[in-house]
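Beneath this line is the structure, given in structure tokens, with notes to follow.
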Amino acid sequence: MWDILADNWLLLLVGQYPNGPMGGLVATLSLAAFSLLLALPCGLLLALGRLSSRRVFRYPATALVYMVRGLPLLMFIFWAYFFVPLLIGRPVAGFTTMVVALVCYESAYLAEIIRAGIQALPTGQMEAGRALGLSYGQTMRRIILPQALYNMLPSMMSQFVSTVKETSLAYVISVQELTYAANQLNSVLLVRPFEVFALLALTYFSLNFILTGLARLVDIRVARRRCAKPVQAAPA
């Protein structure tokens with residue numbers, strides 16, 4: 001297995017680049033990062049919609065979140081693959097298609113993470129902001145959301161780990177990410193599929209193990225700052 005890695009590490013890392021599109025592990029991480037960055041504002045809007053006192057916002061947001069969480073990601077990939085070109089009237093690259101599918105899918109999960117972070121804060125903070133003359137939007141933007149998003153950093157990093165694994169489904173629409181590169185390698189070697197896909201599994205495990213460790217460190221730091229005692233002001 002190690003001789004396969006030594007001879008083909010560049011293919012697994014960047015795919016056929018620079019003689020072709022970027023692929024391999026770099027494409028996998030790029031897919032996950034772009035998707036979560038674009039899904040974050042969508043998830044924030046869905047979370048605020050779910051928390052809204054107005055039914056016109058709360059009901060559609062709740063229905064959308066439940067619908068997305070109740071369907072497999074593969075369906076969103078196929079929908080994006082066939083629907084996005086029809087919507088814009090021209091072919092779309094597989095990478096873009098996968099980003100669209102992941103953004104739609106991950107927005108619902110991020111919405112629940114953000115909603116939980118907002119609801120975990122003491123209700124008195126919203127009341128204090130309104131008592132100071134701030135509007136609901138100003139209180140949410142200046143007081144509630146900064147705390148909630150900071151507290152939810154470990155959960156968001158854990159969601160990034162899940163997204164990295166979900167990018168392997170991009171193989172079905174020929175996106176040249178890590179799984180696609182491993183399959184290309186297997187097609188060349190032919191007689192060593194166990195070693196190739198064991199190497200693929202080891203790569204995913206190592207990457208997600210490192211990311212999970214980082215999420216754990218962030219969780220510890222957030223917990224320490226949350227439990228830290230406030231500094232008392234000196235008497236005048």
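Everything numeric in this text was worked out from a predicted model, so none of it was measured.
- Shown here are the salt bridge (charged side-chain N to carboxylate O under 4.0 Å, His left out) partners of R216, two or more places apart in sequence or in another chain: D219.
- Between P85 and A80, the shortest heavy-atom distance links the atoms CD-O, 3.7 Å.
- Distance check, rounded to the nearest 0.5 Å: CZ of F205 to CD1 of I210 gives 10.0 Å.
- Although no hydrogens or angles enter the test, the distance criterion places a donor-acceptor pair under 3.5 Å between the side chain of T163 and the main chain of Q159.
- Annotation: ring pair (Phe, Tyr, Trp, His ring centres under 6.0 Å) contacts involving residues 166-189, sequence neighbours excluded, are absent.
- Closest of all the heavy-atom pairs between A47 and A111 is CB-O, 3.4 Å.
- Within the 4.5 Å cutoff, the side chain of S107 has heavy atoms near those of the L46 side chain.
- Note that CG of L38 and SG of C104 are 10.5 Å apart. Values are rounded to the nearest 0.5 Å.
- Put simply, CG on L134 and CZ on R141 are 9.0 Å apart, with the number rounded to the nearest 0.5 Å.
- For OH of Y150, the number of neighbouring non-hydrogen atoms (other residues, nucleotides, ligands) closer than 6.0 Å is greater than 12.
- If you take CE on M98 and OG on S30, they are separated by 13.0 Å, rounding to the nearest 0.5 Å.
- The main-chain N or O of G49 is never found under 3.5 Å from a side-chain atom of R58 such that the two would form a donor-acceptor pair.
- Applying the ring-ring contact (aromatic ring centres under 6.0 Å, His included) criterion to F76, with sequence neighbours excluded, gives W79, Y105.
- Counting only distance, with no hydrogens or angles, the side chain of N186 and the backbone of A182 share no donor-acceptor pair below 3.5 Å.
- Between L31 and V164, the closest side-chain pair of non-hydrogen atoms is not below 4.5 Å.
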Steps toward side-chain contact (heavy atoms from CB on, under 4.5 Å) verdict (L29, T167)
CA-CA 9 Å; L29 292 175; T167 58; over 6 Å; no
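- A side-chain hydrogen bond (donor to acceptor under 3.5 Å, both in side chains) check over residues 110-122, counting only residues at least two apart or in different chains, returns the pairs R50-E112, E112-R115, R115-Q119.
- Between L40 and I114 the shortest side-chain heavy-atom distance falls below 4.5 Å.
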Would L149 and M156 satisfy side-chain contact (heavy atoms from CB on, under 4.5 Å), going step by step from the backbone distance to the final call?
CA-CA 9 Å; L149 293 176; M156 291 181 183; 3.6 Å; yes
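- Residues E106 and E166 have side chains in contact (heavy-atom distance under 4.5 Å, counting atoms from C-beta outward).
- Checked by atom type and distance alone, the side chain of S35 never pairs as donor or acceptor with a backbone atom of A32 at under 3.5 Å.
- Applying the ring pair (Phe, Tyr, Trp, His ring centres under 6.0 Å) test to every pair with at least one member in residues 48-75, sequence neighbours left out, gives no pairs at all.
- Atoms CG and CG, on L12 and L199 in that order, are 6.0 Å from each other to the nearest 0.5 Å.
- No continuous path of hydrophobic side-chain contacts links F83 to V172 [ILVMFWY only; heavy atoms under 4.5 Å].
- Hydrophobic clustering (ILVMFWY, side-chain heavy atoms < 4.5 Å, transitive): L73 and V65 are in one cluster.
- Contact annotation: the side chain of M157 never approaches that of P154 to less than 4.5 Å [non-hydrogen atoms, C-beta and beyond].
- For S168 (side chain) and K165 (main-chain N/O), a donor-acceptor pair under 3.5 Å exists by modelled atom type.
- Annotation: side chain of L207 is not in contact with side chain of V161 (no heavy-atom distance under 4.5 Å).
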Test side-chain contact (heavy atoms from CB on, under 4.5 Å) applied to L110 and L36, step by step
CA-CA 9 Å; L110 289 177; L36 275 189; 3.9 Å; yes
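- A 6.0 Å sphere centred on CZ of F197 holds more than 12 heavy atoms belonging to other residues, nucleotides or ligands.
- Closest non-hydrogen pair, I113 versus S155, comes out as CG2-CB, 3.8 Å.
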Could you check F34 against F95 for side-chain contact (heavy atoms from CB on, under 4.5 Å), going step by step and ending with a plain yes or no?
CA-CA 10 Å; F34 285 146; F95 188 94; 3.9 Å; yes
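- Every side chain to side chain contact (heavy atoms under 4.5 Å, CB included) that L145 has, sequence neighbours left out, goes to L44, I118, M140.
- In terms of hydrophobic clustering, with Ile, Leu, Val, Met, Phe, Trp and Tyr side chains grouped at heavy-atom distances under 4.5 Å, L169 and F160 are assigned to different clusters.
- The hydrophobic clustering, which links ILVMFWY residues whose side-chain heavy atoms are closer than 4.5 Å, places L202 and F209 apart.
- Looking only at side-chain heavy atoms (C-beta outward), L211 and N208 come within less than 4.5 Å of each other.
- One distance of note links OG1 of T28 with CG of L13; it measures 10.5 Å at 0.5 Å rounding.
- Side-chain heavy atoms closer than 4.5 Å link hydrophobic residues (I, L, V, M, F, W, Y) into clusters, and following such links, even through other members, never connects L37 to M152.
- Two residues are said to be in side-chain contact when any heavy atoms from C-beta on lie closer than 4.5 Å; V84 and T96 fail this criterion.
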